[in-house]
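In what follows, every heavy atom counts, from backbone to side chain, and hydrogens, waters and symmetry copies are set aside. The shown structure was predicted, so the numbers you read here are calculated from the model rather than taken from an experiment. We name chains A, B, ... by the order of the sequence lines, and we start the count at 1 in each one.
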Amino acid sequence: HPASSKLVSRLVSLPLRNVTFICKYGCFGLAKLCCVDSRWEEERYTDGVKWKFLEHKGPVFAPPYEPLPSNVKFYYDGKHMKLSPEAEEVATFFAKMLDHEYTTKEIFRKNFFKDWRKEMTAEEKAKITDLKKCNFTEMNEYFKAQSEARKAMSKEQKQEDNERILQEYGFCIMDNHRERIANFRIEPPGLFRGRGDHPKMGMLKRRIRPQDIIINCSKDSKHPEPPPGTRWKEVRHDNKVTWLVSWTENIQGSIKYIMLNPSSRIKGEKDWQKYETARRLKKCVDRIRAQYREDWKSKEMRIRQRAVALYFIDKLALRAGNEKEEGETADTVGCCSLRVEHIKLYPENDGQEYVVEFDFLGKDSIRYYNKVPVEKRVFKNLQLFMENKEPDDDLFDRLNTSVLNKHLQELMDGLTAKVFRTYNASITLQQQLKELTSADENIPAKILSYNRANRAVAILCNHQRAPPKTFEKSMQNLQTKIDAKRDQLSDAKRELKSAKADAKIRRDEKSKKAVETKKKAVQRIEEQLMKLEVQATDREENKQIALGTSKLNYLDPRISVAWCKKWGIPVEKIYNKTQREKFAWAIDMADDDYEF
DNA sequence: AGCACAACTTAGAATTTGAACA
DNA sequence: TGTTCAAATTCTAAGTTGTGCT
């Protein structure tokens, strides 16, 4: 592993034969190769070569359809009807989702019914003409019972099979490492669940077969075998890409891939590189900002638009915003695809001048709502861009992501729109940590500060979540606990007081000791109470904010690692096991004085 | 320039796990 | 020893970016 040079320098001094080692990043190094080389140097490939050797077992297919037992019935118009296996399978997809809001949506129902009918026999087609007359409840209950039964299964039973499959299919050999594969299971068939108002929701996602699969591996590897009696669509040996398996999905016609886990060398290096690019932006961001401010005054409309868009991307951490094909996906936008209807201009609002109100649906149909004061020049430009336009016209009609990224490329090597999100997220975390952490606080309080810094970033990047269904209840539970702890504390304090009084009268060793014990108890309870209160604050502030996405994708992990080292916080408090695996390179690399 | 397509990152929801609690 | 709920993990949709063609 690129970051494991320390470990390897020890390794190379070992005898050559039969050296097995597990590098601390979890990959099983082929130690022999390393030693024969007599030094550890991962080859740095050039011209887009991603690997030299790649061997894997291929994908795990979805289990075949198991017809329902005959006592689980489907009713049409109140009458029992036995469905053909093909029609039955698609019906079960709908039945499984009966409790979900999707099944009440008109588009979902329409798309489902259309695709379902395609799977029906002629007789079924003739008979089943109205989805409203279909009764799937027995099927639905059957599946609920099934999942209950699964829950009741012992842990061993559940894990045994899984573990076997994981060991066989979950790893590959890429160059000198045994690496974990991310998604080695093929997506099972089902009904498409688009986000937001997706025109294709409810369509049938068909079952993927071996003849749909393209395998990618190295020529000199042991090729994966297709299941008996089947063939792969193709086996290729393209070492300029990182995927192992691909297939084309039938809803949008896009390609799906099986790739490596984030803990792998290939993903880790890319991630590291991403943060290095963002750090390079840090060095020249002042110049770039000065430049776009200058461009607000340009004679050319396209340059002004570009400059205002870039200002938004920088200041508000908006996404680039590619155009999308109408009717193929939900209507969502990013910066370059903003329409006139998505912003409102207020020359004055709540005592502030030149306020822009944003209200649009972004990625995953998450609403972006924000009112921001902007500079006068920006405001005037926006007025100009909106002149004589309809609400559904593009705000930046002379701009798209490709034009913008070409311009950015000229400003800095490797600069694209999304680098601004990475840069602003990471720099915000670093600043916030500096501001919020106070040396005299205990560990839980410091962690609250960390979470608050993380939260500032999540808010900047608009990472939202639906408030958990059980939120109110869980807050109440926590409050109950806090109240109980308060009572406990006052009891303990009372006991301490009486112990003190007792000690004053008796003046013996035993009662002195009792005072000490009580004092300790009070302290301990105070600490516990404080911890609970901090937890409550943290949870309340987090109600609609998702911290995970920024933590995983935008925050240079070295900032967090350095912070942990500086304040003596165990990294485990900040990163769970998976995250530590993903960020192993950073945990190894960063010292307490790391600066983004 | 404008496109289609390929490859890869980023995203929130759904499901599973496991720890805390009764 | 079962129950409950939050945390962890899995899943896969939805973005961005780059390339090559017309």
Side-chain angles (χ1 to χ4, degrees), chain A residues 48 50 96-97 99-102 147 150-153 155 158-159 162 166 182-188 190 192-196 198 200-201 205 214 216 238 240-243 246 248-249 251-262 266-267 270-271 274 313 319-325 328-330 332-337 361-366 400-406 408-409 414-419 421-422 425 458 461-466 468-471 473-474 477-478 480-481 535 539 542 544-554 575-579 581:
Chain A
K50 305 285 171 52
K96 282 179 185 165
M97 292 179 72
D99 296 324
H100 203 287
E101 203 203 335
Y102 272 123
S147 71
R150 242 191 75 78
K151 254 189 230 161
M153 264 166 71
K155 217 189 307 169
K158 269 192 276 187
Q159 283 188 347
N162 256 338
L166 173 69
N183 54 328
F184 54 89
R185 286 171 210 274
I186 300 265
E187 296 171 16
F192 177 74
R193 300 151 91 111
R195 311 275 174 88
H198 198 116
K200 300 196 172 185
M201 62 165 79
K205 210 170 96 161
I214 302 174
N216 193 33
D238 182 355
K240 303 257 174 89
V241 297
T242 67
W243 55 267
S246 77
T248 301
E249 152 274 345
I251 304 287
Q252 324 263 8
S254 65
I255 308 172
K256 299 261 186 166
Y257 303 93
I258 293 183
M259 290 185 188
L260 297 193
N261 200 65
I266 204 143
K267 293 288 184 190
K270 197 78 190 293
D271 205 34
K274 173 181 80 186
I313 284 171
R319 294 187 185 83
N322 287 299
E323 322 74 312
K324 305 169 75 187
E325 221 174 318
E328 294 292 301
T329 59
T332 62
V333 297
C335 186
C336 295
S337 50
L361 297 181
K363 182 175 178 180
D364 293 309
S365 294
I366 297 290
N400 61 41
T401 55
S402 157
V403 167
L404 178 66
N405 280 334
K406 266 189 200 121
L408 292 176
Q409 188 57 239
L415 188 61
T416 61
K418 84 188 185 95
V419 179
R421 255 167 99 80
T422 311
C461 295
N462 199 228
H463 292 142
Q464 298 187 29
R465 61 170 185 176
K469 284 194 182 72
T470 53
F471 186 83
K473 201 170 144 202
S474 90
N477 285 347
L478 197 53
T480 314
K481 271 196 210 169
Q535 203 184 345
R539 199 180 292 173
N542 235 18
Q544 303 196 59
I545 299 166
L547 300 187
T549 302
S550 49
K551 203 177 197 177
L552 233 46
N553 299 302
Y554 289 103
Y575 290 136
N576 67 32
K577 185 169 143 281
T578 314
Q579 294 163 341
E581 281 167 9

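- Residue N462(A) contributes atom CG, which lies 12 Å from atom C1' of dG12(B) at whole-angstrom precision.
- Here I366(A) lies in heavy-atom contact (under 4.0 Å) with sugar-phosphate atoms only.
- Side-chain atoms of Q544(A) never come within 3.5 Å of backbone atoms of A466(A) as a donor-acceptor pair (strictly under, hydrogens ignored).
- Across the protein-nucleic acid pair, F184(A) atom CZ and dT9(C) atom C1' stand 12 Å apart, rounded to whole Å.
- Between Y257(A) and W243(A), the ring-plane angle classifies as tilted under the 30° and 60° cut-offs.
- Y575(A) places its OH atom 14 Å from the P atom of dA8(C), with the value rounded to the nearest Å.
- Nucleic acid contact class of K406(A) (heavy atoms, under 4.0 Å, all strands): none.
- The backbone N or O of G194(A) lies less than 3.5 Å from a partner atom in the side chain of Y102(A), making a donor-acceptor pair.
- For the atom pair K267(A) NZ and L260(A) CG, the distance stands at 7.0 Å (nearest 0.5 Å).
- Atoms OH and NZ, from Y554(A) and K418(A) in turn, are 7.0 Å apart once rounded to the nearest 0.5 Å.
- Summary for the helix from dA1(B)-dT22(C) to dA22(B)-dT1(C): the axes at its two ends, each from 5 pairs, differ by 10° when rounded to the nearest 10 degrees.
- Counting any heavy atom pair closer than 4.0 Å across all strands shown, Y257(A) reaches a base atom.
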Stepwise side chain to side chain contact (heavy atoms under 4.5 Å, CB included) check, L404(A) with L408(A) | CA-CA 6 Å; L404(A) 178 66; L408(A) 292 176; 4.1 Å; yes

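- Here dA11(B) is the nucleotide among dA11(B), dC8(B), dA7(B) with the atom lying nearest to any side-chain atom of Y554(A).
- Rounding to whole angstrom units, CG of residue L547(A) and P of dT10(B) are separated by 17 Å.
- If you take NZ on K96(A) and OG on S147(A), they are separated by 10.0 Å, rounding to the nearest 0.5 Å.
- Backbone-only contact: T242(A) has heavy atoms under 4.0 Å from sugar-phosphate atoms and none from a base.
- Between K240(A) and dA7(B) there is no side-chain polar atom (N or O) within less than 4.0 angstrom of OP1 or OP2.
- Summarising the geometry, the separation between CG on N400(A) and P on dA4(B) is reported as 14 Å, rounded to the nearest angstrom.
- Comparing T549(A) and I266(A) along DNA chain B, the residue whose closest nucleotide (by nearest heavy atom) sits nearer the 5' end is I266(A).
- Applying side-chain contact (heavy atoms from CB on, under 4.5 Å) to N322(A) and the options N400(A), V333(A), T401(A) leaves one that passes, T401(A).
- The distance from atom CG of N162(A) to atom C1' of dT15(B) is 12 Å, rounded to the nearest whole Å.
- Along DNA chain B, the nucleotide nearest Q464(A) and the nucleotide nearest K270(A) are compared for position; the residue whose nucleotide lies closer to the 5' end is K270(A).
- The separation between N553(A) atom CG and dT9(B) atom P is 10 Å, rounded to whole Å.
- In this structure, CG of L552(A) is placed 10 Å from P of dA11(B), rounded to the nearest angstrom.
- Considering H198(A), M201(A), H100(A) in turn, H100(A) is the only one that fulfils the side-chain contact (heavy atoms from CB on, under 4.5 Å) rule with R193(A).
- Remark: H100(A) is in phosphate contact with dA14(B), judged by side-chain N or O atoms under 4.0 Å from OP1 or OP2.
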Where protein sits on nucleotides 12-22 of chain C, one letter per nucleotide: B base, S sugar-phosphate only, - none, heavy atoms under 4.0 Å | SSBSBBS----

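- For N576(A) and dA7(C), the shortest distance from a side-chain N or O to OP1 or OP2 is not below 4.0 Å.
- In this structure, A466(A) reaches the sugar-phosphate backbone alone: every heavy-atom distance under 4.0 Å involves primed, P, OP1 or OP2 atoms, never a base.
- Side chain to side chain, S337(A) and K324(A) fail the donor-acceptor criterion of an N or O pair below 3.5 Å.
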